[in-house]
2 protein chains.
Amino acid sequence: MLLTDRQVLILQVIVDDFIRTAQPVGSRSLSKKEEILFSSATIRNEMADLEELGFIEKTHTSSGRVPSEKGYRYYVDHLLLPQKLNRSEIQTVRSIFAEQIYELEKIVQKSARILSELTSYTSIVLGPTVNENKLKKLQIIPLNQDTAIAIIVTDTGHVENRTFHFPASVDPGDVEKMVNILNERLSGIPLVDLNTRIYKEVASILRQHIKSYDVLMGSLSETLSIPASEKVFFGGKTNMLNQPEFNDIDKIRNLMTMIEQEDGISQIIRKNPKGINVKIGRENNNSAMDDCSLITATYSIGDEQLGTIAVLGPTRMEYSRVISLLDFISADLSKVLTNLYQNK
Amino acid sequence: MLLTDRQVLILQVIVDDFIRTAQPVGSRSLSKKEEILFSSATIRNEMADLEELGFIEKTHTSSGRVPSEKGYRYYVDHLLLPQKLNRSEIQTVRSIFAEQIYELEKIVQKSARILSELTSYTSIVLGPTVNENKLKKLQIIPLNQDTAIAIIVTDTGHVENRTFHFPASVDPGDVEKMVNILNERLSGIPLVDLNTRIYKEVASILRQHIKSYDVLMGSLSETLSIPASEKVFFGGKTNMLNQPEFNDIDKIRNLMTMIEQEDGISQIIRKNPKGINVKIGRENNNSAMDDCSLITATYSIGDEQLGTIAVLGPTRMEYSRVISLLDFISADLSKVLTNLYQNK
DNA sequence: TTTAGCACTCGTTAGGTGAGAGTGCTAACA
DNA sequence: TGTTAGCACTCTCACCTAACGAGTGCTAAA
């Protein structure tokens, strides 16, 4: 089932051409390309073979050929030439980090916007998994007799806040004491571990010093055990509407609805392992994305993987360019973030 | 130019029918309605008059009639019978407030979702204008030598946070002292007034106690003068895709793009005065909304207007039901919020 | 004033035609 | 044996036409 060099060449040209024009590619128009040195009849024979092998398809009996998912897969796995970004693209990406920003989320959000502008596809960026961030400071601010806000600040400058209730009988002094103890003992602990740490190591100390220990800890622990919201940022949500393959209302409806309820897509993205990943069409296991490809790249601080940055486009996507861009942005992002947060 | 009773009746039936079916209404089908006691020929004559007066239109020379914007306007201004909400609708609305929530934003967000589910249109809720909220507590959390997060908590449980930079030379003790003084003096002041208050009343005290007064105040004041982000919440963004009038890709593109860049729509909504307002089609002054109507209602705490809750639907919208719903929700919302925050 | 009747208009649908692009197959060629 | 020219065939698309139906405006009678 190995492809001959000529078949590979033809497949390559078909995919490139279709990506550019969104039109089925015929043997005659192929034979006119300068890199093709044989006749349309020969091409027809090769195309028939490629079709039998499942790399290309016809939209109807006498149409030109269109890459199949298998064809795209082969193209992505074997035929991709990494594309060099041009000066203006590099500059645009760098502008993400130009302003002096400290908040991780803002940087990530801006990345999503820039990425969608550069590709004219939809970009999706999963914010850092806040749960892994380390506690910088915990504060509790009473709002009235039985309500207070717990504010959790992480080492990445993320601020998470939650309102919680407790009996009015609790002594405000106790709360303050508790917060002090917690900060002393829990600074630097990942948010996800806070609760276990409290019970394992801090509980006994607290019990000694705090009168209304039971009640307070009940409320607080419940509050802390809510996982931090994983933020998802989008860029160019409506860009897909401009792709010629989405001139069908039903497809748009499905896709937009899928994008709008952020959970589904963010889970699909989160499944992808470290590095760059390409999922083509039905490989995404989501019927609304049957005509879409998703390219993901992870970013990190030091060795710790933080989040994922992704581009959603039609299967007829400019894989080469998008991969180069994602590669570049995720590397830059990791570099900047590592500088910012690594040694602190 | 006064309409006869019969003309009014016919207009009413046409609008009602068109809202229900989205199909142009012909004289024959009208004559079959039980409330219509005269022949189709009579109706044709009346329709011709109504058309001449601009209340209804034909889509082509021999089509049935469709309400014009002027027709909808008349309908909304004179023919609307307030509709009683049924038990299950009331229950659904009340469920917004069922859980014990303190954070204003969460309540508002949930309202948007429920509203879009009940109407199957798109709902937009402008969050409370945070700038008017009063300062409950200000905290400054240093992240490293030259960066810190300012956390502002308002009396409505809203938490606003901003990262800012300052020279490494600043004494941490100074920062703490400053925060204490600021909290003592500024508690209860609306956010928007913080800066002026600081300079007017607190500056002299600070200058006495804080060594690096100038530098610190420079950074902080800059940080505080950024207006708090006015949050906009959407519900059912894609609901419009299900409306038969939006089976045109271009219309969808325009509308979705407009919705997606939240600024435009939130400004249009913000312009509306207190109470319930209906803007029909081009009255919205936005070409993407030419086929849409926007109904807004304001909500408040006590006498203080807080935000706006709105429904965006096709001009062929169920005005009566939506208005009743908005009326009910905004009243309930105001009631609950007033109870929660008024006397504190 | 109301209504029945009728000619007319226009949109929609179905069927038909021709052009164009592309294919598969066959047979000749190098 | 691989390559190519030629040709019949297929399918889409754009365009036209005819028939149908829903609806109108007008006229004349009740």
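Side chains are part of it too, since the values below use all heavy atoms of this structure and drop only hydrogens, waters and symmetry mates. Per chain, numbering begins at 1; letters A, B, ... match sequence-line order.
C:dT12 atom C1' lies 13 Å from atom CD of B:Gln23, rounded to whole Å. If you take NZ of A:Lys58 and C1' of C:dG22, they are 9 Å apart, rounded to a whole angstrom. The CZ atom of B:Arg65 sits 16 Å away from the P atom of C:dT9 (whole-angstrom rounding). Remark: P of D:dG25 and CZ of B:Arg28 are 17 Å apart, rounded to the nearest angstrom. For the pair B:Lys32 NZ and D:dG23 C1', the interatomic distance rounds to 12 Å; values are reported in whole Å. The distance from atom CD of A:Glu46 to atom P of D:dT1 is 16 Å, rounded to the nearest whole Å. Atom CG in B:Leu30 sits about 14 Å away from atom C1' in D:dA22, given to the nearest Å. Atom CD1 in B:Ile43 sits roughly 18 Å away from atom P in C:dT1 (whole-Å rounding).
Residue-to-nucleotide proximity on DNA chain C shows that, of A:Met47 and B:Leu37, the 5′-proximal contact is made by B:Leu37.
With no hydrogens or angles considered, no side-chain donor-acceptor pair links B:Tyr72 and B:Ser293 at under 3.5 Å.
Under the 4.5 Å side-chain criterion, counting only non-hydrogen atoms from C-beta, A:Leu30 is in contact with A:Met47. Considering only heavy atoms from C-beta on, B:Asn286 stays 4.5 Å or farther from B:Ile265 through its side chain. The shortest distance between side-chain heavy atoms of A:Val15 and A:Leu79 does not fall below 4.5 Å. Proximity of A:Gln243 to A:Arg316: side-chain heavy atoms (C-beta onward) are separated by under 4.5 Å at one or more points.
Taking the side chain of B:Phe38 as heavy atoms from C-beta on, and the options D:dT4, C:dT3, C:dT23, the nearest nucleotide is C:dT3. Here the nucleotide nearest the side chain of A:His60, chosen from C:dG24, D:dG25, D:dT12, is D:dT12. Taking the side chain of B:Arg6 as heavy atoms from C-beta on, and the options C:dG24, C:dT2, D:dT24, the nearest nucleotide is C:dT2.
Contacts of A:Thr42 with the nucleic acid, taken as non-hydrogen atoms under 4.0 Å apart, include base atoms.
In this structure, B:Phe55 and B:Tyr74 have perpendicular ring planes: the angle between them is above 60°, well past the 30° mark.
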Between the protein and nucleotides 4-6 of chain C, which nitrogen or oxygen pairs come in under 3.5 angstrom?
residue: C:dG5; atom: O6; partner: B:Arg44; partner atom: NH2; Å: 3.1

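Checked by distance alone, A:Ser62 brings no side-chain donor or acceptor within 3.5 Å of a matching partner on the base of C:dT23.
Classification of B:Glu69 and B:Arg73 as a salt-bridged pair fails, no side-chain N sitting under 4.0 Å from a carboxylate O.
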